[in-house]
*Asks:* 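To start, I am sharing the structure in question, which I have written as structure tokens.
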Amino acid sequence: MYERAKDVYAASLADIRSAGLYKEERLIMTPQGASIGVGAGASRHDVLNFCANNYLGLSSHPTVVAAAREAVETHGFGMSSVRFICGTQDIHKQLEAKISAFFGTEDTILYGSCFDANGGLFETLLGEEDAIISDALNHASIIDGVRLCKAERLRYPNGDMAALEKMLQDTQGKRLRMVATDGVFSMDGYLAKLDRICDLADKYKALVMVDDSHASGFIGKTGRGTPEHFGVQARVDVMTSTLGKALGGAAGGFTTGRKEIVELLRQRSRPYLFSNSIAPAIVGASIAVIDLLAGTTELRDRLMKNASRFREGVTRAGLSVREGSTPIVPVMLGDARVAQEMATKMLGEGIYVIGFSYPVVPKGEARIRVQLSAAHTDAQVDRAVEAFGRIGRAMGVVAS
């Protein structure tokens, strides 16, 4: 039987390659950081990394690494169990309490990833009598989580508040409604209009859910995310996020918000009930991260300066970038092959970036998504800007 399946899969792979959409995985030989070693043996070379979610530069921070090592020594390597059987350690409860305190929420529940958090959220909280209203550009994990839910599903165009209001009006007969949105849309760097979403939710008595994975730790005056940025922390009912980006960069996710919501998730959320507990090393390191960020905004402030420096530099160089103020800066190229070729040429110049194209982004909107880090120096940011400008001119992407 597999011979027939093999032909089908091989044809699909050939189509992906011919369309210029095949995703290569580059081998990294060093810890994550602003500068990394890629390739093995004689082909190994050092490059500047501008495509990681290491926004605060904490993935290899000495304090974080030391905390992970200490947690392994005191609490072991893994739990070999789920939380409600024998997988809950004191440090799991400590981390949940620290996350709640950091974000000003009532309770928190940990997951293996934010993908799991979103996958286990909607079917637990909403049923056939309810409706879920989701932004069209929400992350794949929200989309997949919504698919598991039996509630009526509605989708509004990205940031279209008039469309959202119409959907809220049309669903007023439902028992519950929930508006779901990314806090920062990861491919564009846009912030959700969270203040206006909360206004509409209040007006039509709906719940508000935010996935703040690309915001936690650095968006907002003190890094508490998009709810802080828009001053709506008390009006967001449930927030999901990750420990695998700015908050340490390893793995793990969480849902935080109203205590009844979190309590129900502990009883019914399938990814929580049927997946192993987060490893002690990740928990210990994440506690150290939260403690570090609770006391200072230094890393967050440095990150935002780097983002502004890069955005202004590539704009002056003549490249097209999405408007915004986040450390996600999409350099828009349109054609998938152009994006792939430019990323390859950038790597040859010692700048590690990735071209994104369909189906990750819409057709005709291929781009190189640049992500800044607090670990980047001014000189490294300027080097990336210079390379983008020079290669862009050579490829005819910008005028000479």
*Asks:* When hydrophobic residues are tied together by side-chain contacts of less than 4.5 Å, even through go-betweens, does I328 share a cluster with I219?
*Replies:* yes
*Asks:* Atom CG of L273 and atom CZ of F84: how far apart are they, to the nearest 0.5 Å?
*Replies:*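 Here the interatomic distance stands at 6.0 Å.
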*Asks:* Using a strict cut-off of less than 4.0 Å between a Lys/Arg side-chain nitrogen and an Asp/Glu carboxylate oxygen, indicate whether R235 and D195 qualify as a salt bridge.
*Replies:* no
*Asks:* Strictly below 4.0 Å, N to O, side chains only: are E365 and R367 in salt-bridge contact?
*Replies:*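 Looking at E365 and R367, the cut-off is met.
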*Asks:* Quick one: does L137's side chain get under 4.5 Å of M187's, heavy atoms only?
*Replies:* no
*Asks:* If you define the side chain from C-beta out and look only at heavy atoms, does anything of H139 sit under 4.5 Å from S213?
*Replies:*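 When only atoms from C-beta onward are counted, S213 and H139 do not touch, as no gap falls below 4.5 Å.
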*Asks:* Between V208 and I109, is there a shared hydrophobic cluster once you connect ILVMFWY residues whose side-chain heavy atoms come closer than 4.5 Å?
*Replies:*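 No; I109 is not reachable from V208 via cluster members.
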*Asks:* As a quick check of understanding, evaluate side-chain hydrogen bond (donor to acceptor under 3.5 Å, both in side chains) for S100 and T108, giving each step before the final call.
*Replies:* CA-CA 6 Å; S100 298; T108 297; 2.7 Å; yes
*Asks:* If you define the side chain from C-beta out and look only at heavy atoms, does anything of V179 sit under 4.5 Å from L168?
*Replies:* yes
*Asks:* Could you see if V146 belongs to whatever hydrophobic cluster contains V210? Use Ile, Leu, Val, Met, Phe, Trp, Tyr and a side-chain cutoff under 4.5 Å.
*Replies:* no
*Asks:* Decide side-chain contact (heavy atoms from CB on, under 4.5 Å) for E96 and V262; before the verdict, give the C-alpha distance in whole Å, the side-chain angles of both, and the deciding distance to 0.1 Å.
*Replies:* CA-CA 11 Å; E96 288 170 338; V262 172; over 6 Å; no
*Asks:* Taking S373 for the side chain and N54 for the main chain, is one N or O donor matched with an acceptor at less than 3.5 Å?
*Replies:* yes
*Asks:* Write down the atom of V47, the atom of L347, and the distance for their closest heavy-atom approach.
*Replies:*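 Between these two residues, the closest heavy atoms are CG1-CD1, 3.9 Å.
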*Asks:* In plain terms, say whether E341 and R337 are close enough for a salt bridge, that is, a side-chain N and a carboxylate O under 4.0 Å apart.
*Replies:*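 Answer for the salt bridge query: no.
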*Asks:* Let me check something: any side-chain donor-acceptor pairs from residues 242-255 under 3.5 Å, sequence neighbours excluded? List them with distances.
*Replies:*
unit_1	atom_1	unit_2	atom_2	d
T242	OG1	G244	N	2.8
T242	OG1	G252	O	3.2

*Asks:* Check whether any side-chain N or O of N306 sits under 3.5 Å from a backbone N or O of H376 as a donor-acceptor pair, and report yes or no.
*Replies:*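 Yes; judged by distance alone, with no hydrogens or angles, the pair exists.
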*Asks:* In sequence, state the C-alpha distance, the side-chain angles, and the governing distance for V38 and H45, and then conclude on side-chain contact (heavy atoms from CB on, under 4.5 Å).
*Replies:* CA-CA 6 Å; V38 297; H45 57 290; 3.6 Å; yes
*Asks:* Taking only Lys NZ, Arg NE, NH1 and NH2, and the carboxylate oxygens of Asp or Glu, determine whether R302 and E298 approach each other closer than 4.0 Å.
*Replies:*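 E298 and R302: salt-bridged.
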*Asks:* What distance do E386 atom CD and I391 atom CD1 have between them, rounded to the nearest 0.5 Å?
*Replies:* 8.5 Å
*Asks:* Under a plain distance cut-off of 3.5 Å, with no hydrogens placed, do D135 and T181 share a side-chain donor-acceptor pair?
*Replies:* no
*Asks:* Is a side-chain donor or acceptor of D335 paired with a backbone partner of A339 at a separation under 3.5 angstrom?
*Replies:*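 No, the answer is negative, given that no donor and acceptor are paired below the 3.5 Å cut-off.
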*Asks:* Roughly how far apart are Q32 CD and N49 CG, rounded to 0.5 Å?
*Replies:*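 Output value for this atom pair is 5.0 Å.
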*Asks:* Would you call the rings of Y55 and F218 parallel, tilted or perpendicular, where under 30° means parallel and over 60° means perpendicular?
*Replies:* tilted
*Asks:* Quick one: closest heavy-atom pair of V353 and M346, and the distance?
*Replies:* CG2-CB, 3.8 Å
*Asks:* Please tell me if the side chains of D116 and Y272 come closer than 4.5 Å, counting only heavy atoms from C-beta onward.
*Replies:*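 Answer no - side chains too far apart.
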*Asks:* Counting distance only, does the side-chain N/O of T377 pair as donor-acceptor with the main-chain N or O of Q380 below 3.5 Å?
*Replies:* yes
*Asks:* Would a hydrophobic clustering, with Ile, Leu, Val, Met, Phe, Trp and Tyr connected at side-chain separations under 4.5 Å, put F310 with M304?
*Replies:* yes
*Asks:* Which pair of heavy atoms, one from I351 and one from A387, lies closest together, and at what distance?
*Replies:* CG1-CB, 4.0 Å
*Asks:* Where is the tightest heavy-atom contact between A307 and P327, given as atom of each residue plus distance?
*Replies:* CB-CA, 3.7 Å
*Asks:* Hey, is the main chain of M332 close enough, under 3.5 Å, to the side chain of S320 for a donor-acceptor pair?
*Replies:* no
*Asks:* Set out, in order, the CA-CA distance, both residues' side-chain angles and the distance that settles side-chain contact (heavy atoms from CB on, under 4.5 Å) for R147 and F122, then state yes or no.
*Replies:* CA-CA 9 Å; R147 285 173 177 164; F122 303 103; over 6 Å; no
*Asks:* Side chain of R224, backbone of F102: donor and acceptor closer than 3.5 Å?
*Replies:* yes
*Asks:* Does T256 form a side-chain contact (heavy atoms from CB on, under 4.5 Å) with S241? I'd like the steps, not just the answer.
*Replies:* CA-CA 8 Å; T256 192; S241 193; over 6 Å; no
*Asks:* Have Y111 and S269 got a donor and an acceptor in their side chains that come within less than 3.5 Å?
*Replies:*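 Yes - a donor-acceptor pair under 3.5 Å links their side chains.
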*Asks:* Taking all non-hydrogen atoms of both residues into account, name the closest pair between Q233 and F103 and its distance.
*Replies:* NE2-O, 4.4 Å
*Asks:* Between D90 and K93 (salt bridge meaning N to carboxylate O under 4.0 Å), is one present in this structure?
*Replies:*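 No, this pair does not count.
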*Asks:* Ignoring hydrogens and geometry beyond distance, is a side-chain donor-acceptor pair present between T88 and R83 at under 3.5 Å?
*Replies:*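 Yes, because at least one side-chain N or O of T88 sits under 3.5 Å from a partner of the opposite role on R83.
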*Asks:* Within a strict 4.5 Å, meaning less than it, do heavy atoms of the E165 and Y204 side chains meet?
*Replies:* yes
*Asks:* Going by atom types only, do S35 and D46 share a side-chain donor-acceptor pair under 3.5 Å?
*Replies:*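 Distance-only check fails for S35 and D46.
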*Asks:* Would you say N158's side chain and A136's backbone share a donor-acceptor pair under 3.5 angstrom?
*Replies:*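 No, because the side chain of N158 does not come within donor-acceptor range (under 3.5 Å) of the backbone of A136.
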*Asks:* Looking at CG of D107 and CD1 of I99, how far apart are the two atoms once the value is rounded to the nearest 0.5 Å?
*Replies:* 10.5 Å
*Asks:* Shortest non-hydrogen contact from L125 to L176?
*Replies:* O-CD1, 4.2 Å
*Asks:* Are V321 and T315 packed together at the side-chain level, in the sense that at least one heavy-atom pair is separated by less than 4.5 angstrom?
*Replies:* yes
*Asks:* Do any side-chain atoms of residues 279-293 form donor-acceptor pairs under 3.5 angstrom with protein atoms, and if so which ones, sequence neighbours left out?
*Replies:*
unit_1	atom_1	unit_2	atom_2	d
S286	OG	I282	O	2.7
D291	OD1	K98	NZ	2.9

*Asks:* State, with a plain yes or no, whether a side-chain heavy atom of I197 is found less than 4.5 Å away from one of M161.
*Replies:* yes
*Asks:* Ignoring hydrogens and geometry, is there a side-chain-to-backbone donor-acceptor pair from T326 to G189 under 3.5 Å?
*Replies:*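 Answer holds: yes.
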*Asks:* Please work out which of the three classes, parallel, tilted or perpendicular, describes the rings of Y9 and Y2, given edges at 30° and 60°.
*Replies:* tilted
*Asks:* Does the R311 side chain pair with the main chain of G324, one donor and one acceptor, at a distance under 3.5 Å?
*Replies:*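 Yes, R311 side chain to G324 backbone: donor-acceptor pair under 3.5 Å.
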*Asks:* Could you tell me the separation between the CD1 atom of I368 and the OG atom of S357, rounded to the nearest 0.5 Å?
*Replies:*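 Answer for the CD1-OG pair, I368 versus S357, is 11.0 Å.
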*Asks:* So does K305 pair up with D378, basic N to acidic O under 4.0 Å?
*Replies:* no
*Asks:* Please check if the side chain of S277 supplies one atom and the backbone of G87 the other of a donor-acceptor pair under 3.5 Å.
*Replies:* yes
*Asks:* What residue among K150, R175, R177 forms salt bridge (Lys or Arg N to Asp or Glu O under 4.0 Å) with D130?
*Replies:*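 In the set K150, R175, R177, the residue that makes a salt bridge (Lys or Arg N to Asp or Glu O under 4.0 Å) with D130 is R175.
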*Asks:* Test salt bridge (Lys or Arg N to Asp or Glu O under 4.0 Å) on R196 and D199 and set out the steps.
*Replies:* CA-CA 5 Å; R196 297 175 62 186; D199 288 344; over 6 Å; no
*Asks:* Would a hydrophobic clustering, with Ile, Leu, Val, Met, Phe, Trp and Tyr connected at side-chain separations under 4.5 Å, put V397 with V370?
*Replies:*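 Yes: a chain of side-chain contacts under 4.5 Å links V397 to V370.
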*Asks:* State which residue, out of E128, E152, E129, fulfils the salt bridge (Lys or Arg N to Asp or Glu O under 4.0 Å) condition with K174.
*Replies:*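 For K174, the salt bridge (Lys or Arg N to Asp or Glu O under 4.0 Å) test succeeds with only one of E128, E152, E129, which is E152.
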*Asks:* Indicate yes or no: at least one non-hydrogen side-chain atom of R26 is less than 4.5 angstrom from one of Y352.
*Replies:*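 When only atoms from C-beta onward are counted, Y352 and R26 do touch, with a gap below 4.5 Å.
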*Asks:* If I take atom CD1 from residue I354 and atom CD from residue Q371, how far apart are they, to the nearest 0.5 angstrom?
*Replies:* 10.5 Å
